[in-house]
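One structure below.
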Amino acid sequence: MSRTLAIIKPDATERHLIGHITNRIERARFKIVEMRIVHLTDEQAREFYAVHADKPFINDLVAFMTSGPVVPMALEKENAVEDFRTLIGATNPENAACGTIRWEIGRNIEKNSVHGSDSDENAAREIAFFFGD
Ligand code: CMP
């Protein structure tokens, strides 16, 4: 078993899609082992996205991620990181494969409804960020 960190983003919580997304996650055989609803501060969002600190979109990304509640979850499954990225699809919903969560409900590259860790190392860091060690 391995773990990944998922976040339901503000564009999805605003549209009352928490239940829909958690249902899709559970139907794909992920076990939700931790879950919270949080409203991130500017400082927390910048810390979470520290790897993107130098990107031109960082201020917009932080503004978006602090614009409403988000739902971080620790998910458990064999091959969790890769399988969750397959379930959510490409970062830009325009490029996401048919049937993926971002294809279904993502609006654009920023408002793409869900985050998923991109490696086991980052999953451990991101899970610790929200839920401790
Ligand atoms: P996420 O998986 O949460 O990781 C970083 C986020 O930055 C990514 O999803 C996108 O929402 C956002 N992002 C990546 N590239 C861009 C971009 N070119 N413009 C705006 N936002 C972006």
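Any value given below was found using the heavy atoms of this structure, including those in side chains, with hydrogens, waters and symmetry copies removed. Just follow the structure's listing: the first ligand is 1, and inside any ligand the first atom is 1.
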Out of Val114, Val62, Ile109, the nearest non-hydrogen contact to atom 12 (C) of ligand 1 is supplied by Ile109
Nearest heavy atom to atom 16 (C) of ligand 1: which of Phe48, Tyr49, Phe57 does it belong to? Phe57
Taken to the nearest 0.5 Å, the spacing of Glu76 CD from Ile32 CD1 works out to 12.0 Å
Contact summary for Ser117 and Glu126, nearest pair of heavy atoms: OG-OE1, 2.7 Å
Ligand 1-proximal atoms of Lys111, by part, heavy-atom distance under 4.0 Å: neither
Check this for me - ligand 1, Thr91, N or O atoms closer than 3.5 angstrom, yes or no? no
Quick one: nearest non-hydrogen protein atom to atom 2 (O) of ligand 1, plus distance? His115 ND1, 3.1 Å
of all protein heavy atoms, closest to atom 9 (O) of ligand 1 is Lys9 NZ, 3.1 Å
How does Arg102 reach ligand 1, by side chain, by backbone, by both or by neither, if only non-hydrogen atoms under 4.0 Å count? side chain
Counting distance only, does the side-chain N/O of Ser113 pair as donor-acceptor with the main-chain N or O of Arg102 below 3.5 Å? no
Close aromatic pair by centroid cut-off 6.0 Å: His115 and Phe48: yes
Test side chain to side chain contact (heavy atoms under 4.5 Å, CB included) on Thr4 and Glu82 and set out the steps. CA-CA 9 Å; Thr4 192; Glu82 191 184 337; over 6 Å; no
Enumerated ligand 1 atoms positioned under 4.0 Å from heavy atoms of His52: 5 (C)
Taking only non-hydrogen atoms of Asn112 and a 4.0 Å limit, the atoms of ligand 1 in range are 9 (O), 10 (C), 11 (O)
Is it true that atom CG of Asp54 has more than 12 heavy atoms of other residues, nucleotides or ligands lying nearer than 6.0 Å? no
For the residue pair Lys77 and Phe84, would you count it as a cation-pi contact if the rule is NZ or CZ under 6.0 angstrom from the ring centre and within 45 degrees of the ring axis? no
